[in-house]
Amino acid sequence: MIKWFKEIKKSDFELVGGKGYNLSKMYNYGLKVPNGFVITSKAYDIYVNENNLKPKIIENLANNISSLDKSKAIKALFVKDRMSDYLISQLKDFFSILDSYRVAVRSSSTMEDLPGMSFAGQYSSYLNVTGEDLIEKVIRCWQSLWNERAIDYRNKYNVKADFSHGVVVQEMIDSKVSGVIFTANPISGIRSEILVNSSYGLGEAIVSGRVNPDQYTIEHRSGRLIREEISKKEILCKYDKKGIEYVEVDPILQEKGSLESNYIEAIVKEAEKVQDYFGTPQDMEFAIDEQSEFYIVQSRDITTLFPIEAFDHDGKLRAYLAASSVLLGMKEAFTPLGADLYGGMFPSVINVMLNRKKPISDDFVKYAGGRIYIDITYLMSSKLVAKQFGKAFSGSDLPLKDTMDYVLEKHGQKFRSQGIKFKIPWGALRYGLDSIGDIRVARGVKPNQRYNAIRAMGEEFYQGILKKSENLNTVEERLEFCSDAMLKVFRLTQKQAFYCLEVSNYSKIEKTIKGMFGDRFNIDILSYSLPECVTVELGLELNRLAKYFDENALEPTADDSKMKAFLERFGHRSTVELDFGYKRWREDPEYLLNQIKSYMVDKMYERNIAEVFEKAKEAEKLIQEIYEAVEVKKGRSRAEKIKKWMKDYRRAAGMREYPKFNIVQALDLSRKVMLEQGEDYQRRGLLDKAEDIFFLRKSDILNGQILKETVHRNKEIYNKEMSRNSIPRVVLNTGETFYSAQKFDPDSKLLQGISLSGGIYEGKVRIIFDPNNSELKEGEILVTESTNPAWTPLFMTAKGLIMEYGGPLSHGGIVAREYGIPAVVGIPSVTELLKDGQLVRINGEAGTVEILE
């Protein structure tokens, strides 16, 4: 039940946990690690089984109580008196062999220090433990597996698998200086920088936050000190007779750097060794004793770094834009095949729009962190072009413009001086000229007939690809069909967009009305309950279903004829609908059924349905009020013109949602085609399930590399990336990440974002990462990274929206204005800054979120 570091083998991870495993690897590699042993997870499991604790733990976790109460109840089950005499005897024997009579007792869970998920700080550790206190501290480490923060962390990352707990017992170093080494800069993401935090005494002073440490930034290869920031270190942590104590630092040393030059040399040397050994950037804790001996007391992967392995490292500084989150508004990870399909759209579209004689390859599209990134180094080589690009796409993501400007300010000179030159794409002119005919056709259709026209175009397109999908025999034909369908739907949506050009009237209307009347009229009301809008139709139909089930005292089910009719119309959609690797509502309607049930509570559907029509009346009333005011001021002719602008805007803005409806239809049909291929591979024993085909890359499939091991590995990466909360807008191939141009004080009560939809509302926030598991209640404020049309049903429940990504033309912005709720965008890590149940005031006019409690 106990193993010395030197006895631990590669196969012992589940026995010794992450911390114990890493320490043993370094110890056996010959790195300077204090000796110790691990009380294995088997000892924990035996304790739990002998005392029949598992049923009691499961029962407490299932109780409808807070995580704190669950933690208290479970921890109370672990008591010192229940430890077996055999384990106590073993512990005493092992302890007596150590050279030091003081040890560190550290938790080493089998769910800690994992690649991509560190669980850092979730469990407990104890310093300066003597033999007489050892048993009690081991029990406390076992208890800490059930710390409140550990329970919440596992819930957040959906960790359901069995896990256990080891405990490391390690000789203590009486350190005069200690600290933390990051072998890559965890703040900026730059891989070529080592970041060191250090202070006097034991490292607990830094870890606990009791002292502001010195910070050193060092260049990896040369060991050159790039920056040093010396803090005033007023206290240090040292050994007490039992445990630790804090004492005052000698005033002479308080503002002196804690690291001497020879210490920095030792740190660089050991950091390189450890990183080379583990093969990934490491977060290391170190100690330097009175004899200036350097020790590593802990090391784990830095899990916060955004992966850059997929990017080009060709000696040039390269910038990559998060196309999936910034341009497509999708925060979730793509399945590998889903990324190949949608990512392949970018070179296809560019080749079509630029009319290139020599088509560009897809080399500039990268799959990193489960997201689609595109190389924008070519654009960044021209300051003017890069700035215009940021401005052009700010409609989809408002913070993009400032982020791009910030990257240019910091690295623009480098981008412009490395031999990459931007050339004007004259082929785009030809594409524009070719579009004139399509624009004339669209303008020839009467405004009140345009919605039916784009729907008819969409239906003709769908029937065409549906027919083609029925005659596919080989894997090559199926993959080609998927790519061809996406290119065809792009061409379709470009033509459909010409029927919606009046959506651009909004800025013209706003400027004209404000110029005449100042702030007398709330122009946002023009976006309420847009007519001929497929997302409004979706929300209304769900509420009508709730009314039907409620009035007939029926349990909502997918087998009901009315529900079947709904799925026939909208079943191709999904909560992650741009990734065809994600199940469609037709396959799994649970999300819809849960939304219907939520609308049935207190007959919420009555209020929702009424509100849609009331908002439409508000918009019509505003149009009439503005018409009358303009008529008085400028005459009837001018009033009629502005009225037409407003009417046309509402119609066009509603229609604008339909092209995406057709895009998702193409993805749905492509999914069916690839599932057929997956079924074939399943029958042949190449895959466990047909759906597993989406966890292979296109190259794997075409090269015949259909390996279950590949699927398993890709699923692990995908599941990890689905829990990534914040996605950098721009990443450099150095690892440097840019989430936003704004910096926020996490302790501030006022968070400044960007206004997306007007209005002021006070309410409690609800953080939502996955709408399928939403617990959003009526009147709450929805907080998330971004949304897509499949989230629309939640907007009938929410009374405010706070997002990291989005712009006035993004789904969240459009729907927030449709429902007349305030919305703010562009607050980095907002899902971390806010907590469920916090009372806030969201001000959609000023773009602020004020924390009230």
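What you see below is based on every heavy atom in this structure, not just the backbone, and it leaves out hydrogens, waters and symmetry mates. It should be emphasised that the depicted structure is a prediction, and the values quoted were computed from it without experimental measurement.
Checked by atom type and distance alone, the side chain of Ser71 never pairs as donor or acceptor with a backbone atom of Ser67 at under 3.5 Å. Ser829 places no side-chain N or O within donor-acceptor distance of the main-chain N or O of Glu832, the cut-off being under 3.5 Å. One N or O on the side chain of Ser786 and one on the backbone of Gly329 form a donor-acceptor pair closer than 3.5 Å. Under the 3.5 Å distance criterion, the side-chain polar atoms of Thr784 are left unmatched by any main-chain donor or acceptor of Met803.
Listed by chain and number, the residues in a side-chain hydrogen bond (donor to acceptor under 3.5 Å, both in side chains) with Thr848 amount to none (sequence neighbours excluded). Shown here are the side-chain hydrogen bond (donor to acceptor under 3.5 Å, both in side chains) partners of Asp602, two or more places apart in sequence or in another chain: there are none. Residues satisfying the side-chain contact (heavy atoms from CB on, under 4.5 Å) criterion with Ala333, sequence neighbours excluded, are Arg371, Tyr718, Glu721, Met722. Residues passing the side-chain hydrogen bond (donor to acceptor under 3.5 Å, both in side chains) test with Tyr246 are Ser208, sequence neighbours excluded. For Tyr320, the ring pair (Phe, Tyr, Trp, His ring centres under 6.0 Å) partners two or more places apart in sequence, or in a different chain, are Phe311. By the side-chain contact (heavy atoms from CB on, under 4.5 Å) test, Ala339 pairs with Phe334, Tyr367, Ile372, sequence neighbours left out. Not counting sequence neighbours, Glu618 has no partner by the side-chain hydrogen bond (donor to acceptor under 3.5 Å, both in side chains) test. Residues passing the side-chain contact (heavy atoms from CB on, under 4.5 Å) test with Phe393, sequence neighbours excluded: Leu327, Phe389, Leu400.
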Check against side-chain hydrogen bond (donor to acceptor under 3.5 Å, both in side chains), Asp524 and Tyr506: CA-CA 9 Å; Asp524 282 351; Tyr506 188 86; 2.9 Å; yes
Verdict with supporting geometry, Arg729 and Asp397, salt bridge (charged side-chain N to carboxylate O under 4.0 Å, His left out): CA-CA 10 Å; Arg729 286 179 169 85; Asp397 184 50; 2.6 Å; yes
Arg300 vs Asp283, salt bridge (charged side-chain N to carboxylate O under 4.0 Å, His left out): CA-CA, chis, key distance, verdict: CA-CA 5 Å; Arg300 55 175 166 252; Asp283 167 1; 3.4 Å; yes
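Every pair passing side chain to side chain donor-acceptor pair (under 3.5 Å) that includes a residue from residues 383-395 is listed here, sequence neighbours excluded: Lys387-Asp405. Residues in residues 780-796 take part in these salt bridge (charged side-chain N to carboxylate O under 4.0 Å, His left out) pairs, two or more places apart or across chains: Lys331-Glu785, Arg766-Glu780. Under the ring-ring contact (aromatic ring centres under 6.0 Å, His included) criterion, the residue pairs touching residues 721-740 are Tyr406-Phe738, with sequence neighbours excluded. Within the structure, the salt bridge (charged side-chain N to carboxylate O under 4.0 Å, His left out) test picks out the following pairs touching residues 207-218 (sequence neighbours left out): Asp214-Lys233.
Here the shortest heavy-atom pairing between Val824 and Ile842 reads CG2-CG1, 3.8 Å.
For the pair Met796 and Arg607, the minimum side-chain heavy-atom distance is 4.5 Å or more.
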